[in-house]
Amino acid sequence: MTVKGVLFDFSGTLFRVESTDSWLRAALAGSSLTLPEAELVRTAQALERAGALPGGAAPEEAPTGDLAGLWALRDRSAEEHRAAYTGLSRRVALPALALHDALYDRHMTPSAWSPYPDAAEVLAALRRRGVAVGVVSNIGWDLRPVFRAHGLDAYVDVYALSYEHGVQKPDPRLFALACAELGVDARDTLMVGDDRRADGGAAALGCGVHFVDHLPIAGRPDGLRPVLELLD
């Protein structure tokens, strides 16, 4: 396979979202609310079990009823994405109802995300080699400001975001859109992601697929570097 283009997933691949504890603390501070420390820790743990942090842990208990249907299609639109995640957070008692939306708003800020240690290195190496780069993400909001804030936007040629097209991975159409915008044949494209089901959908087009582990930043210092070896 001659790789002319590489597609990357966002969360768990190029970037990692902050911890649930940090997320809750930031939202509380932004809302001028406080909780006793022990209660704050318990609440953060409950939010994590609920799967309320986008990009964080999945719900320990599968959503039921109307929320189940919303959860399955959450990445098709901004409205469905917000409704699904605030629906999960509402399973947890918070000191103010407005905090559910404040938490959701917090996760969309660049400061809530950190690039993996080797992300800039690998993206810059791809640019030097003349390899086209796209980001294909199941998401309900515009992640471009996150890339700009962390200095990685200059390395990305195309963004194919599910909510902008009403199509979510593993539907091959989202990968096809990215390849078309890059001007690269799918058979000459490598998809890099952390979700075997969602990101593995690229294989239906003939793309090569490479998986990384969705780990904390400190636990994956060089997980993206093997991508460069696949180009050699």
Side-chain angles (χ1 to χ4, degrees), residues 6-30 37 40-41 43-60 75 81 85 88-89 102-128 133-156 159 161-162 169 190-200 209-231:
V6 179
L7 304 176
F8 289 94
D9 172 53
F10 168 56
S11 175
T13 300
L14 289 175
F15 282 82
R16 170 84 178 194
V17 74
E18 65 187 331
S19 69
T20 309
D21 183 272
S22 171
W23 175 56
L24 176 58
R25 290 178 189 275
L28 286 167
E37 181 64 19
L40 190 153
V41 170
T43 302
Q45 291 171 343
L47 286 166
E48 180 148 355
R49 290 192 299 271
L53 171 59
E60 289 188 6
D75 296 309
H81 196 267
Y85 280 101
L88 291 175
S89 73
L103 282 167
Y104 186 86
D105 292 340
R106 163 65 189 180
H107 103 274
M108 295 188 290
T109 63
S111 56
W113 297 87
S114 298
Y116 278 95
D118 55 345
E121 170 195 338
V122 170
L123 291 173
L126 292 172
R127 176 53 55 93
R128 289 194 300 271
V133 171
V135 171
V136 183
S137 178
N138 277 353
I139 199 164
W141 50 277
D142 186 5
L143 50 72
R144 295 172 183 87
V146 175
F147 280 78
R148 287 196 292 269
H150 291 281
L152 300 186
D153 182 62
Y155 302 124
V156 180
Y159 295 90
L161 311 182
S162 61
K169 300 181 290 187
L190 177 69
M191 175 66 204
V192 181
D194 67 299
D195 188 319
R196 279 160 173 73
R197 178 180 176 274
D199 299 314
V209 181
H210 176 73
F211 295 110
V212 296
D213 294 322
H214 189 160
L215 296 172
I217 292 290
R220 213 194 77 192
D222 54 5
L224 291 167
R225 288 179 186 156
V227 171
L228 300 178
E229 298 173 9
L230 296 173
L231 273 60

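Counting from 1, the numbers follow the sequence of the chain as shown.
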Chemist: Does R220 use its side chain to pair, donor to acceptor, with the backbone of G12 at less than 3.5 Å?
Modeler: yes
Chemist: Looking at side-chain heavy atoms only, is the closest gap between D9 and M191 below 4.5 Å?
Modeler: yes
Chemist: With the threshold set at 4.0 Å, does a side-chain nitrogen-carboxylate oxygen contact exist between K169 and D195?
Modeler: no
Chemist: Considering all heavy atoms of both residues, which atom of Y85 and which atom of A52 are nearest to each other, and what is their separation?
Modeler: CD2-O, 3.5 Å
Chemist: Can you name the closest pair of heavy atoms from A44 and L24 and give their distance?
Modeler: N-CD2, 3.7 Å
Chemist: What are the two closest heavy atoms between V227 and L231, and how far apart are they?
Modeler: O-CD1, 3.2 Å
Chemist: Less than 4.5 Å apart, side chain to side chain, heavy atoms only: is that true for S111 and E18?
Modeler: no
Chemist: How long is the gap from CG on L126 to CZ on F8, to the nearest 0.5 Å?
Modeler: 5.0 Å
Chemist: Is it the case that the side chain of D153 and the backbone of R144 share a donor-acceptor pair, with hydrogens and angles ignored and the cut-off at 3.5 Å?
Modeler: no
Chemist: Side chain to side chain contact (heavy atoms under 4.5 Å, CB included) with A124: which residues, sequence neighbours excluded?
Modeler: R128, Y155
Chemist: Verify, without hydrogens or angle tests, whether R127 (side chain) and A154 (backbone) share a donor-acceptor contact under 3.5 angstrom.
Modeler: yes
Chemist: Please give me the minimum heavy-atom distance between D118 and G223, naming the atom from each residue.
Modeler: OD2-N, 3.2 Å
Chemist: Say you draw a straight line from CG of L161 to CZ of F10; how long is it, rounded to the nearest 0.5 Å?
Modeler: 9.5 Å
Chemist: I'd like to check P115 versus F147 (side-chain heavy atoms, cut-off strictly below 4.5 Å). Are they in contact?
Modeler: no
Chemist: CG of L53 to CG of L103: how many Å apart, nearest 0.5 Å?
Modeler: 8.5 Å
Chemist: Find out whether I217 and Y116 are in side-chain contact, i.e. whether some heavy atom of one side chain is under 4.5 Å from a heavy atom of the other.
Modeler: yes
Chemist: Check whether any side-chain heavy atom of W23 sits under 4.5 Å from a side-chain heavy atom of V17, and report yes or no.
Modeler: no
Chemist: Return yes if some donor-acceptor pair links the side-chain N/O of T20 with the main-chain N/O of E48 below 3.5 Å, else return no.
Modeler: no
Chemist: Would you say F15 and H150 make side-chain contact, with heavy atoms under 4.5 Å?
Modeler: yes
Chemist: Do H210 and L190 have side chains that approach each other closer than 4.5 Å (heavy atoms only, starting at C-beta)?
Modeler: yes
Chemist: Please report the interatomic distance OG1(T43) to CZ(R25), rounded to the nearest 0.5 Å.
Modeler: 10.5 Å
Chemist: Take L224 and T13 through the test side chain to side chain contact (heavy atoms under 4.5 Å, CB included) and record every step on the way to the result.
Modeler: CA-CA 8 Å; L224 291 167; T13 300; 4.3 Å; yes
Chemist: Rounded at 0.5 Å granularity, tell me how far OG in S89 sits from NE2 in H107.
Modeler: 11.5 Å
Chemist: Is there side-chain contact between D21 and L40, with at least one heavy-atom pair below 4.5 Å?
Modeler: yes
Chemist: Hey, could you give me the OG/OH distance between S137 and Y159, rounded to the nearest 0.5 Å?
Modeler: 11.0 Å
Chemist: Provide the closest heavy-atom pair for H81 versus I139 in the form atom of the first, atom of the second, distance.
Modeler: CD2-C, 4.0 Å
Chemist: Is there a donor-acceptor pair under 3.5 Å between the side chain of D199 and the backbone N or O of D194?
Modeler: yes
Chemist: For a quick test of reading the model, state the closest non-hydrogen atom pair linking P216 to R16 and the distance between them.
Modeler: N-NH1, 3.6 Å
